[in-house]
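Note sheet for the following structure.
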Number of protein chains: 2
Amino acid sequence: MLKSNQAPELAEARQQGYVNISEAAQATGVSAKMIRHYEAIGLTPPARRTLADYRVYSESDLHRLRFIRRARNLGFPIKQIQVLLDLWNNQERASADVKQLALARAHELAERIAEMQAMQRALEDLAQRCYGDGRPDCPILDDLSGEQH
Amino acid sequence: MLKSNQAPELAEARQQGYVNISEAAQATGVSAKMIRHYEAIGLTPPARRTLADYRVYSESDLHRLRFIRRARNLGFPIKQIQVLLDLWNNQERASADVKQLALARAHELAERIAEMQAMQRALEDLAQRCYGDGRPDCPILDDLSGEQH
DNA sequence: CTTACGGTTACCATATTGGCAAGGTCAAGC
DNA sequence: GCTTGACCTTGCCAATATGGTAACCGTAAG
């Protein structure tokens, strides 16, 4: 009567410590939508299924999802998270590889931050020179028009 | 023999001071691809065409494209550029409207910058605590795993 | 006339996330 | 046992802005 080997029913899977996708989402902070998406693009291995094709997740699956969420919070794109997951699973990894990824990411962030700070400064400079009242004169639009000042 | 009123041939349009799309791209720094795209989404009015359906651009068309490029360089999204273009064309605009857009954009940028700086700091902290040699121990992966330190 | 270049439209792709629709499943209450 | 509501499934569409490709036709120069 027990069919625990391949595709259990949901209640049975739960007894074995599995959770369904919405519980996994709540437990990891990754939306159900994204959990399915990560599986579809191969970032995570195909989830185990019940007889009714419901996805169920073990504690180690949840662990991996939390890993992904934290990496996303650090701004890593999916491709790099793929590499990080490989390194995470690889006992013979060299920490140098991981450090290099982290520093490369930090460097990219620094460059983007510098660009955005330049934009922000330019906008605030322009806004400061703009009266901001009912008059139509506007140094901001003048600057966008390419007028010399 | 002259058919300059509606749809001239390319040579004729050129004599009237029009340029074709690749010249417009070079003159404004907006790629031909993007010029067509901006037209398709209604950011710019439909370009004038020659008999053979080639787009041709007047100096004021180029002026508008340069305006768009500068606004993009300041990080304005297309939707806001639409508003900026309207204000630019509107003689009765109030500079307050433009200033508000610029400051709102500056504010968004500041928020994104703060987030990214937090990521960057976190990454550099982690990298600094990582030996970065051949050993597998790696505080970066430990942190992503959620281990307490 | 041929050739090379460049224009045209219409797709596809990126990366990430949200939303919706149609249909099947689970659990609880009657 | 049946109904009901919540939840699962897949698949498709949406957004951001930009790049690429393919098939077809126009233009300019030899």
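Every chain is numbered from 1, with letters handed out A, B, ... down the list of sequences.
- For C:dT17, the OP1/OP2 oxygens have a side-chain nitrogen or oxygen of A:R72 closer than 4.0 Å.
- Across all their heavy atoms, A:P77 and A:R72 have their closest contact at CA-NH1, 4.0 Å.
- One atom, CD of B:E23, and another, C1' of D:dT27, lie 13 Å apart when rounded to the nearest Å.
- A close approach under 4.0 Å does not occur between any side-chain nitrogen or oxygen of A:R69 and OP1 or OP2 of C:dT16.
- Distance A:I81 CD1 to C:dT17 P: 9 Å, rounded to the nearest Å.
- When hydrophobic clusters are built by joining Ile, Leu, Val, Met, Phe, Trp and Tyr residues whose side-chain heavy atoms come closer than 4.5 Å, directly or via intermediates, B:V83 is grouped together with B:F67.
- Taking atom CD1 of residue B:I41 and atom C1' of nucleotide D:dA14, one finds them 15 Å apart after rounding to whole Å.
- Checking D:dT16, D:dT18, D:dC7 against every side-chain atom of A:S22, the shortest atom distance belongs to D:dC7.
- With hydrogens and angles disregarded, a donor-acceptor distance shorter than 3.5 Å links the side chain of B:N89 to the backbone of B:L85.
- Checked for salt-bridge contact, A:E115 and A:R112 meet the test: a charged N lies under 4.0 Å from a carboxylate O.
- Put simply, B:S31 has no side-chain N or O that comes within less than 4.0 Å of OP1 or OP2 on D:dT18.
- Atoms CD1 (A:I35) and P (D:dT10) sit 13 Å apart, rounded to a whole Å.
- Look at CZ on B:R105: it is 14 Å from P on D:dT16, rounded to the nearest Å.
- Between the P atom of C:dG7 and the CD atom of B:E39 lies a distance of 14 Å, rounded to the nearest Å.
- Among D:dA17, D:dT9, C:dG7, the nucleotide with an atom closest to any side-chain atom of B:I78 is D:dA17.
- In terms of phosphate contacts, B:R36 brings no side-chain nitrogen or oxygen within less than 4.0 Å of OP1 or OP2 of C:dG6.
- Spacing between atom NZ of B:K79 and atom C1' of D:dA17 amounts to 13 Å, rounded to whole angstrom units.
- Side-chain contact of A:S58 with A:D61: a donor-acceptor pair under 3.5 Å is present, judged by distance alone.
- In this structure, CG of B:L43 is placed 14 Å from C1' of D:dT16, rounded to the nearest angstrom.
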Secondary structure of DNA chain C in dot-bracket form (Watson-Crick or G-U wobble, distances below 3.5 Å, | marking inter-strand pairs) = ||||||||||||||..||||||||||||||
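- A side-chain donor-acceptor contact under 3.5 Å links B:S95 to the backbone of A:D133.
- Taking the P atoms as reference points, C:dA15 lies 22 Å from D:dT10, given to the whole Å.
- Comparing C:dT9, D:dT18, D:dC7 against the side chain of B:R55 picks out C:dT9 as the nearest.
- A:R93 contributes a side-chain N or O that, together with a main-chain N or O of A:W88, makes up a donor-acceptor pair within less than 3.5 Å.
- Applying the 4.0 Å criterion to OP1 and OP2 of D:dC8, one finds that A:N20 has a side-chain N or O inside that range.
- Position along DNA chain C of the nearest nucleotide to B:D53 versus A:H37 favours B:D53 as the more 5'-ward residue.
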How does protein reach along nucleotides 21-30 of chain C, written 5' to 3' as B (base within reach of a heavy atom under 4.0 Å), S (only sugar-phosphate), or - (no contact)?
-> ---BBS----
